[in-house]
Amino acid sequence: MNRLLTAATGLALCLGGIGAVQDAPSLPVAQPKAANLARMRAESLNGGLASYRAAACMYETGASSCLISKSDQGFLFGFLGGPPGWQQQSPPRPTLETRVLVSQDGERILAVPYNGPIP
């Protein structure tokens, strides 16, 4: 009886998980690739991980909260950054702003319209 209850509970949890995955909004396949490429470009431009960290939104899958626009031109991301630990300060003290345009397929950086001090 105990095994049957355990199996039924496991099946219910599995089926419930399938519905949850189906209900999640889907991202274009290229968006997470584009976000990673944009973040890595900012890291490279700003001295590498030893001296720079992008905003936490750039570490989310697809970086949706850093996505300024998605168009025929590609994905335009805009985000803050600064030295390691800047986000843990109270209040957070970013020092740089970066905007990166990535191709629609998420494969190429098309432009870096801005990478510099926060205006």
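Fair warning: this is a prediction, and the values are worked out from it, not measured in the lab.
Every salt bridge (Lys or Arg N to Asp or Glu O under 4.0 Å) that R99 has, sequence neighbours left out, goes to E97. Evaluation of the side chain to side chain donor-acceptor pair (under 3.5 Å) rule for Q87 yields no partner, not counting sequence neighbours. For S51, the side chain to side chain donor-acceptor pair (under 3.5 Å) test picks out no residue, with sequence neighbours left out.
For residues 83-118, no residue pair satisfies the disulfide (SG to SG under 2.5 Å) rule, not counting sequence neighbours. Under the disulfide (SG to SG under 2.5 Å) criterion, no residue pair touches residues 76-112, with sequence neighbours excluded. Residue pairs meeting the disulfide (SG to SG under 2.5 Å) criterion with at least one member in residues 69-99: none, sequence neighbours excluded. Every pair tested for disulfide (SG to SG under 2.5 Å) that includes a residue from residues 90-119 fails, sequence neighbours excluded, so the list is empty. The salt bridge (charged side-chain N to carboxylate O under 4.0 Å, His left out) pairs that include a residue from residues 104-119 are K33-E107, D105-R108, where partners are two or more places apart or lie in different chains.
In this structure, W86 contributes its side chain and R53 its backbone to a donor-acceptor pair below 3.5 Å.
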For residues 63-83, which side-chain N or O atoms pair as donor and acceptor with protein atoms under 3.5 Å away, sequence neighbours left out?
from: S64; atom 1: OG; to: Q31; atom 2: NE2; distance (Å): 3.4
from: S65; atom 1: OG; to: E60; atom 2: OE1; distance (Å): 3.0
from: S71; atom 1: OG; to: Q73; atom 2: N; distance (Å): 3.1

In a table with atom names and distances, give each donor-acceptor pair under 3.5 Å that connects a side chain of residues 112-119 to protein atoms at least two apart or in another chain.
from: Y114; atom 1: OH; to: P117; atom 2: O; distance (Å): 2.4
from: N115; atom 1: OD1; to: N46; atom 2: ND2; distance (Å): 3.1
from: N115; atom 1: OD1; to: T98; atom 2: OG1; distance (Å): 2.7
from: N115; atom 1: ND2; to: N46; atom 2: OD1; distance (Å): 3.1

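Closest non-hydrogen pair, L27 versus G62, comes out as CD1-CA, 3.9 Å.
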